[in-house]
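What follows is a single structure, written as structure tokens, with notes after it.
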Amino acid sequence: MSAPSQVPESAEDADTADVAAAATQGRSDAENRSLKQIAWQRLRRDKVAMISGIVVVLLILAAIFAPLLAKWFGHPPTQFHQDLIEPSRRLPYLDPADPDAGVDRWGGISGDHLLGVEPTTGRDLFSRILYGAQISLLVAFLATLVCVAIGTILGIIAGYVGGWVDTLISRTMDIFLAFPLMLFAIALVGVIPDGVLGLTGNGLRIGVIVFIIGFFNWPYIARIVRGQTLALREREFVEAAKSLGAGNRHILLKEILPNLITPIIVYATLLIPTNILFEAALSFLGVGINPPTPSWGKMLSEAVPFFREAPYFIVFPGLAIFITVLAFNLFGDGLRDAFDPKTSD
Amino acid sequence: MASTGSAASDAVVRVDDLRVTFPTMDGDVHAVKGLSFEVPAGGALGIVGESGSGKSVTSMALMGLHRGSRAEITGAIEVAGQNVVTASDKKLRQMRGNDIAMVFQDPMQSLHPQYTIGNQLIEAYQVHHPKAAKSKARKRAVDALGRVGIPEPEKRINAYPHEFSGGMRQRVVIAMGLMCDPKVLLADEPTTALDVTVQAQVLDLLDELRRDLNMALILVSHDLAVVAGSVDEVVVMRHGRVVERGDVRDVLSKPEHPYTRALLDAVPRVEVSRAQRRAQDRADRVARDKCEGVVTKPGDFKAFTPATGEGEPLLSVRDIAQSFKVRGGMWGRATDFWAVKGVGFDLYKGETLGIVGESGSGKSTVSRMIMRLLEPSKGSIHFEGKDITHMRERELRPLRRDVQMVFQNPYSSLNPRLTIGESIGTALKVQGERDGKKIRTQVQDLLERVGLEPNHYNRFPHAFSGGQRQRIAIARALILKPKLIICDEPVSALDVSTQDQVLRLLSELQDDFGLTYIFVAHDLAVVRQVSDRVAVMRKGEVVEMGDSDSVYENPQSDYTKQLLTAAPVLDPDEARRLRAERFAERDGAAA
């Protein structure tokens, strides 16, 4: 047998032929696409994710432009409309011009008040739900940010350093997850005096809620980050960076962190609805946002005594929470599928 | 010898114009574009192709495993007279196992870890014989295990998969395939995950079973040498098409298609020496340079011919050993496991040391110790006279310029989130270069040198094939102009034709930059062609070390001899002769 002769550049030719063939099959532009672009392409094909993504964007816009929308379509959220309320049953009139026509089980929905008015006070429900979105989303985003910040830093350290540091952080996570969070929140809101850290009123309440959610939910993010870091640490590209002389800082920030951003974004998106629900629950229990600032949870608790006579009052804030949470969850799932190389298209 | 025509009447497998198409979001992918073949009862067919050739898609289609996926299958697949494409799901389930059984690539994953192998074998039988008594099924299972060469089958039947080695597990998988006396055994890369000595045993077993049980065997592999000794007819596939089909002897000795010829030429041969390969590579290069108008005299390469045994060695390794803590059970005391126990050698500038061994031999651990990704538990390593054995990471940084590594898996050695330009440029950055433009120019020059386009700089790794990725990894290792490069299985994840190109590139770079290599691999032929000296490792120890030609032509240790006889051979007749020898030896030992 002779020495291996020159391969007639077959494989090289094959590669170019491949590219040509691929081009005809329509995956020519795959060459220069980044993973982000591929994920975006996949996301665009996912109808559920796209619709929920649009809902999420609309919700955020609605919260930001709540004052404008309230001005155009309704009334200020704290303005009373007692003239619309029948005083004895405290429900809106069916027809304010004709008090004898009785009360409306559907809250006096009209062109003026798109979703009707609150029983007792007559405040515009549409505006209150819009402003409620502000509070819900603000609290959820800030709390998620705190979770992500603490969770990422501690998770990456636990995963990368390992050893007793990992044990310490992991056990701390277990302790935090075992904490009776809701009880703690109720107690803390009661004892923190006004004016702490220069915060008063609702500023303080929001601060406390964000702190509680952020400080006790970070282990969810930290666990994921730790697991991913453990896996990434063993990958050959980390060893390759080490063998090029890269220090720990470079490896953590330049090699590992970019690979963590996708899972962090995905799980943060999935954490937002949990935090929305938590804020709503606290407000429902009366330890959330102070009245008269609108909050979805508070609205639900106010609606409970009326749920027979005025079901709309419980339905609309409930729907707001439901749609928001569902949209974030579906969008988060869509993001995860789009970024996950294992899900086939 | 079964030829295409004569088998028409008694063919158990008949595939006619098979086409498999996968609709994807980027358009249809035609994985198989018109494949036809027949296999007679007791015959053996090899399907050979590189990655992306459609060979695995074909074997899935034969089992009807594309059911329920989006794959569109046209054409006919007949197994034992039944059309797999049109059969009902129920019929198809009856056929699987009864008519056609499959052996998968990775024996570590094709057995259920929670059941004993006995349970799994018995289930394989009872699925098709629900009325059969358990005792009968069990007896069959014991027989099947005995048949595939598992010692003490009555005892071992109650063992769990993790209690078997990889080769033994693959035997169990084969035994499972045999439970219902299939007419066809389909083996998809059955030995790719196995060591060379185990590979020979499994291939011998498949060959023996086919003859004894008159089964048809379809052997799917990327390696021509694997099928050479085991099949009568061979189909060479490329990009979903058949490029050549015929008697295995004819195809291997007189290949008609240029692709088959190229593939055959690219297969590394254990009888080709380092000197021959090097001369050939240099001659090819001179010819190529001439086409580009550069005149290179063969003498120009002389300067880099290694100067063994003169002066101070570049690298001097003395008795290095590495232990890992192994915990026994939940509360068990940690014990030391010595992955490497005392390896030593000197390496001179321009020389290549090959380290060859099977999995678990400690060869990768040795390379990681020299790279100082691991700190040796014992012994010492001197690089250019400096003791680097216990240096700290900070002290090692200057050394990192001089010693670099090319990793095995080009898919995991490149960070998927960094462009390849960033990946290669990282080295310059961590070594203190701040000028972004300078880094970019240097990286682009190097990309060109390893055979890629400078404008690939901004692409992400996923846009490249395995061979291209390994070129990128080599560029990354070269950017700091190192003196020593440790190649840890640099070509084992690549197709043969790509493997050949990467080896050629490594050899050219050695000529150009006077590099010194440590080349770690399990493939004996590859190691011989690139190495001046060879160390054969087994269980953490060097069993034989010496000049590569003398180790290969006149091996001293039994283990080296065993490795060399187990290596697959391209010549079908030679392969059959070696197999007969192994059988004779085994029967002799049994008697």
Side-chain angles (χ1 to χ4, degrees), chain A residues 1-15 17-19 21-22 24-38 41-42 44-45 232 234-251 254-262 341 344-345, chain B residues 24-30 52 238-239 258-259 261-263 265-269 271-272 276-277 279-280 284 287 371 373 393 396-397 400-401 403-405 407-409 412-418 423 426-427 430-431 458-460 462-463 465 467-468 473 476 480 495 497-498 500-501 570:
Chain A
M1 209 77 63
S2 71
S5 64
Q6 174 84 31
V7 179
E9 299 305 328
S10 64
E12 218 63 292
D13 289 349
D15 281 353
D18 268 352
V19 173
T24 56
Q25 285 167 18
R27 54 182 175 120
S28 59
D29 56 344
E31 302 288 302
N32 274 320
R33 281 185 305 180
S34 71
L35 292 178
K36 254 178 257 160
Q37 286 165 310
I38 292 175
Q41 253 190 356
R42 284 182 172 185
R44 263 199 332 217
R45 278 157 194 274
L232 287 167
E234 301 301 321
R235 294 277 289 274
E236 279 182 344
F237 65 78
V238 171
E239 274 198 324
K242 244 185 232 168
S243 62
L244 294 169
N248 286 332
R249 215 172 71 112
H250 174 95
I251 290 173
K254 293 282 164 62
E255 303 284 340
I256 291 183
L257 195 60
N259 285 286
L260 289 174
I261 284 174
T262 306
S344 62
D345 39 90
Chain B
T24 73
M25 73 178 205
D26 293 321
D28 288 355
V29 172
H30 304 275
R238 183 193 192 194
H239 304 327
Y259 175 71
R261 236 173 286 149
L263 205 59
D265 285 341
V267 175
R269 283 152 214 242
E271 61 275 8
V272 176
Q276 280 171 301
R277 165 91 199 205
Q280 184 68 42
D284 290 345
M371 194 68 229
L373 292 169
E393 191 55 46
L396 277 171
R397 198 160 294 168
R400 299 292 188 205
R401 282 184 171 273
V403 187
Q404 276 300 312
M405 189 154 179
F407 292 88
Q408 170 174 12
N409 189 342
S412 85
S413 69
L414 294 171
N415 192 337
R417 300 277 163 181
L418 298 183
S423 275
T426 295
V430 299
Q431 294 287 346
N458 280 326
R459 288 189 186 174
F460 287 88
H462 66 85
S465 68
Q468 287 174 318
R476 178 176 56 190
L480 294 172
D495 282 329
S497 55
T498 341
D500 189 63
Q501 292 165 19
L570 259 186

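Every chain is numbered from 1, with letters handed out A, B, ... down the list of sequences.
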B:N409: side-chain hydrogen bond (donor to acceptor under 3.5 Å, both in side chains) partners, not counting sequence neighbours: none

Chain A interface, residue from B:G467, B:P268, B:S413 that has the most non-hydrogen pairs under 4.5 Å: B:S413

Closest non-hydrogen atom pair, B:P416 against A:F237: CD-CE2, 3.7 Å

Contact leader toward chain A among B:Q431, B:R476, B:R397, B:Q408, where contacts are heavy-atom pairs under 4.5 Å: B:R397

Engaged part of B:L396 at the chain A interface, taking heavy atoms whose separation is under 4.5 Å: neither

Best-contacting candidate, B:Q404, B:E393, B:M405, against chain A by heavy atom pairs under 4.5 angstrom: B:Q404

Which atoms of B:R401 approach chain A - backbone, side chain, both or neither, heavy atom under 4.5 Å: neither

Value rounded to 0.5 Å, distance of CG in B:N415 from CZ in A:R235: 8.0 Å

Heavy-atom side-chain proximity of A:L257 to B:R417 below 4.5 angstrom: no

Close side-chain approach of A:E255 and B:L418, heavy atoms under 4.5 Å: yes

Which atom pairs, one a donor and one an acceptor, fall under 3.5 Å between side chains of residues 242-249 of chain A and the rest of the protein, sequence neighbours left out?
unit_1, atom_1, unit_2, atom_2, d
A:S243, OG, A:E239, O, 3.3
A:S243, OG, A:A240, O, 2.8
A:N248, OD1, A:Y160, OH, 3.0

